[in-house]
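Accompanying notes for the structure given below.
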Amino acid sequence: MTQLYTIGLLALVLSVFGLIAYMLVRRIVLELLEWDRQRRLAQWSIPLTRWLEGESEIPPEEIQLLSSRRDLKIMAAICMGQLRTGDERIRARLVQWLQDHGFVTHWIEQVGGRSRWERARAVETLGVLRALEAESTLVSALQDPVFDVRIRAAKALGSLGGQQARRALVMALGDESRWSVIRIADILAQMGPHIVTDLVEAFPVIGSGSRIAALDIIIRLADNSHLPFLRSCLAAPDSEIRARAVAGLGRLGDASTLPGLLDALQDLAWPVRAKAAKALGELGLADAVPALTASLADKEWWVRSNAAEALRKLGRPGIDALVNSLSSSDLFCRDQAFAVLQSSGDLHTRLMGLVAKNAQERARAQAVAQALIRYQSRHCMLDVCNSLADQDVRSVLYVMLQQHPEVTEVAV
Amino acid sequence: MFSGLSDNMNPDLVAFVIGFDHFIVFYFIVINLGLLALFGSSVRSLWQFVQGSFNADYAQIRNSDLTLPISLLVPAYNEEATITYTVHSLLRANYGEFEIVVINDGSRDNTLSVLIDAFKMERRSEPVKLQLKSKPIRAIYRSSLNPNLVVIDKENGGKADALNAGLNLSRYPLFGSIDADSIIEDGALLRLVKPFIEYPEETIAAGGIVRVANGCVINDGHVEQVRLPASRLAVMQVVEYLRAFLAGRAGWSAARSLLIISGAFGLFRKREVIEVGGYSDATDTEDAEIVVRLHRRMCEQGRKYRIVFVPDPVCWTEVPETLRVLTVQRSRWHRGLLQTLWLNRGMLFRRRYGSVGLIGMPWYVMFELLAPVIEVLGFVAIPLAWMLGILDHVHMFLFIFVAFFLGALLSVGALALEEMTFQRYARWQDLLRLMVYGFVENIGFRQYLTLIKVKALVDAIWSRREWGEMQRRGFGVTNSQASKLRES
């Protein structure tokens, strides 16, 4: 037993101090590396900058004597910093020198190297250099097993532009990593509207994951000439594609999209319905009022919320529909209508009719008040009363409320 | 191991002491094996998390139309020293659509007037849907500077009551409960909402990590430099928090048995919380109780659900720097644990409640709730056995050393996890102090906490409840300013 305890204790002590040693050594190594990097950066950046800016004709000695990996890494960092300044004169000088001295070839070779960090750095450097001779190497780097290398290669190809780079990036939208796809999509979107044609052409042949990303980019950059393509996407079996197509159609704001959007409001997938409701609000056509009113009772919060907002955006007919929904038998429907009318101030406007001279207007306001009294809690109603600026309207509403002692404290 | 007995000793007493010591050793082995397994599970889940979120694009989440909006509920009771910092930090939450609902729970200090002045709050009469019962609301204020900031002024009813009032006024389908003495780090909401986006149908609650703000340099509701506090008691709590979150909750979350989401920083789906009747004031720890009730409800309805811990959204909070306040706080926590477990005792060892009923709850009962009692009995029994000559001094000291180093291993292990993942304490002196305190907290501090917990259990049995008041220094306030504040 003693031996067991002693062995256990020794193992514990070793584990504890092993962990401590690990933490200390890790910190020390990281800090030393950082300190040395900073020191060299400071030492080299001034002469290098002078040469790049043309103050000196001969490159500094340090740049000609690069040998170790670390030196190369630090020098690359300085070069990258200089290249990112965007000064074309500096870029031309540096790129020329790097090509003359075989660095570009060296980095192209490194893209096929064993170290993932070296590959990532080489790819990034080639991108910053915009080295056209590296285009096919960068395209092959899009298949690299390491995520970081693939992303940097995509960025590099984005900076190169060109037909081959564009096609490769479109196909890379099928990358297994979701985050990688998002970044590639951003890179493609930054390449300008002409990328839409490439994407539409490639759409039938790329995988389902790529299609969603491609559609995102198309929506961002599309114009009315792409309406037929977006309409065709409404029939896609994938609900994410349908949802995006709906959002795209709403964004384009063309009246001819109304039937498609109304159909989408009945879709089985809630994101499609939610997007359709929002799109109909953006479209601004009163024909959508009945369908949006029905969507106020949707079982999904987002659909209800978007439908209520959309109705408000449709103006008078939409607001009328919301007011009518205050007495709906559906709790969700009433709640959404109440929330939107309250926040937009339309509820107060309608209640002001309680003291109107016009009998019809007064009757409408009374109907609103009755609906509120019937379905909202006493507490809530008292708050509505108190928030009314007009004393007369408030008094009328108070009296109506007094006539209904059955109004519960807690809304059910 | 147990030897050297005197002939003239009562054999029954000797048999009892030996039996009890064997029980202590067995209990000690089981609890520590469990803790080591939990630590291993935490390491695995943290490593997976870091790998999976290294390239996470949170801007995508922020900009997406389908990211759910959030209501942040901040119950405040006598929080005049910290409330503006908290609200400032929340206003900078770097999130798409959100609202902040501060609930002034009948504060006796100037919490309300501080808020009115700082954020130009205007009295409004807004409708409140009373889905959950709460004490009467006196007034509602909305900020003219930030329309998404609302303050509810209500009669005092406790934290659970305040949260229910906030839930009634809140508009959005997700809500976060945030302590009024806490600071939410920039981007923390985006990180915390990620599970709700990844598994929208299943995720019903997510909790972030709570870190100690004492000692940090805080400016305008933003933690600018992470530093260790000067107070020894607070540093020990830093180690304790790291151990509890990184080496504990990460593991429980992986085992789908997370029973606690800290009240300081959690995100919930409103529909499910309203379904279970909102927060309850039946316990002293409403945050743990609501999570257990959610587990219970979901399991009873046979619904697929997730309640998860996310290790990188950070909430900074002040911890007690005096023993008195710490005692009251920990007593409350342990009393709350007892009440929560008692209220949900029907879940214990029931297959219907899955891993929560079979692993989580039994562990919390045997090794969280009752551990202090057994530890205290161990403090007595082991030396007693030695004094009676039943246990020789070699074994006794070996046992003590093993216990000490096991505690240190878990603390230092948590520090190593912190170093490998988030590395918040960048200064050398902080790292070294943390290492030292990884050992020091095992001598005295943990035993003191054990005693507090035993007392809390006794209090709970005698139905003595005391919430206690945390002495707030206020974020971004120096020591001298703090003493002036106290004098005034």
Side-chain angles (χ1 to χ4, degrees), chain A residues 1-2 4-6 8-13 15-20 22-24 26-28 30-31 147-148 151 177-180 182-183 186 243 247 271 274-275 278 301-302 305-306 335 338-339 342-343 347 372 376-388 408-412, chain B residues 1-2 25 52-57 59-60 65-66 68-69 124-133 136-137 140 168 171-173 198 200 270-271 392 394-395 397-399 401-413 415-420 423 426 428 431-432 434-435 438-439:
Chain A
M1 197 70 182
T2 314
L4 193 68
Y5 261 105
T6 315
L9 183 60
L10 272 174
L12 275 175
V13 173
S15 308
V16 172
F17 286 103
L19 278 174
I20 288 178
Y22 165 74
M23 281 191 277
L24 292 175
R26 186 175 180 275
R27 265 271 173 116
I28 289 168
L30 288 177
E31 294 218 347
F147 167 82
D148 214 33
I151 280 297
S177 159
R178 179 175 148 68
W179 300 113
S180 161
I182 289 167
R183 305 254 181 107
D186 271 344
K275 292 277 187 188
K278 194 174 177 186
W301 187 90
W302 263 113
S305 172
N306 284 359
D335 277 356
F338 181 67
Q342 176 73 13
S343 64
L347 188 67
L372 290 175
Q376 300 295 328
S377 70
R378 171 176 287 272
H379 188 97
C380 171
M381 278 312 299
L382 284 172
D383 274 336
V384 171
C385 286
N386 292 334
S387 64
L388 290 165
T408 53
E409 283 299 330
V410 180
V412 181
Chain B
M1 181 174 175
F2 300 103
V25 171
S53 59
F54 183 72
N55 282 295
D57 191 341
Q60 182 79 13
D65 287 345
L66 293 177
L68 292 166
R124 294 280 179 90
S125 193
E126 296 192 9
V128 181
K129 187 173 173 62
L130 291 179
Q131 298 178 94
L132 303 166
K133 285 203 169 181
I137 292 173
I140 294 169
N168 284 333
R171 288 187 294 172
Y172 296 138
E198 287 174 336
K270 188 166 141 185
R271 190 175 62 205
D392 66 73
V394 175
H395 281 104
F397 284 112
L398 272 174
F399 181 79
F401 277 123
V402 168
F404 171 78
F405 275 101
L406 268 170
L409 178 68
L410 289 171
S411 301
V412 174
L415 292 182
L417 276 179
E418 164 75 359
E419 271 294 290
M420 285 189 296
Q423 209 180 12
W428 267 102
L431 177 68
L432 295 173
L434 280 173
M435 286 175 177
F439 289 93

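Here is the naming used below: chain letters follow the sequence lines, and residue numbers restart at 1 for every chain.
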Assess the residue pair A:Leu19 and B:Leu409 against the criterion (side chain to side chain contact (heavy atoms under 4.5 Å, CB included)); give the C-alpha distance rounded to whole Å, side-chain angles, the decisive distance to 0.1 Å, and a yes or no. CA-CA 8 Å; A:Leu19 278 174; B:Leu409 178 68; 3.9 Å; yes
Atom pair CZ/OG1 of B:Phe401 and A:Thr6 - distance to nearest 0.5 Å: 12.0 Å
Name the member of B:Leu431, B:Leu410, B:Leu432 that forms the most heavy-atom pairs with chain A at distances under 4.5 Å. B:Leu431
Residue list, side-chain contact (heavy atoms from CB on, under 4.5 Å) with B:Pro173, at least two apart or on another chain: A:Trp301, B:Leu68, B:Pro69
Region of A:Ile28 that comes under 4.5 Å of a non-hydrogen atom in chain B: both
Measure the CG-CD distance between A:Leu30 and B:Glu419 for me, rounded to the nearest 0.5 Å. 9.0 Å
Tell me if a side-chain donor or acceptor on B:Arg171 pairs with a main-chain N or O of A:Ala339 at a distance below 3.5 Å. no
Got a second to check how far B:Met420's CE is from A:Arg26's CZ, nearest 0.5 Å? 7.5 Å
Just jot down the salt bridge (charged side-chain N to carboxylate O under 4.0 Å, His left out) partners of B:Arg271, sequence neighbours excluded, or say none. none
Spatial distance of atom CE (A:Met23) from atom CE (B:Met435) [nearest 0.5 Å]: 4.0 Å
Under 4.5 Å between any side-chain heavy atoms of A:Leu24 and B:Trp428, yes or no? yes
So, for A:Val16 and B:Phe405, which heavy atoms are closest and what is the spacing to 0.1 Å? CG2-O, 3.7 Å
For B:Phe439, which atoms come within 4.5 Å of any heavy atom of chain A: side chain, backbone, both, or neither? side chain
With a 4.5 angstrom heavy-atom cut-off, could you sort out which part of B:Val394 is near chain A: side chain, backbone, both or neither? side chain
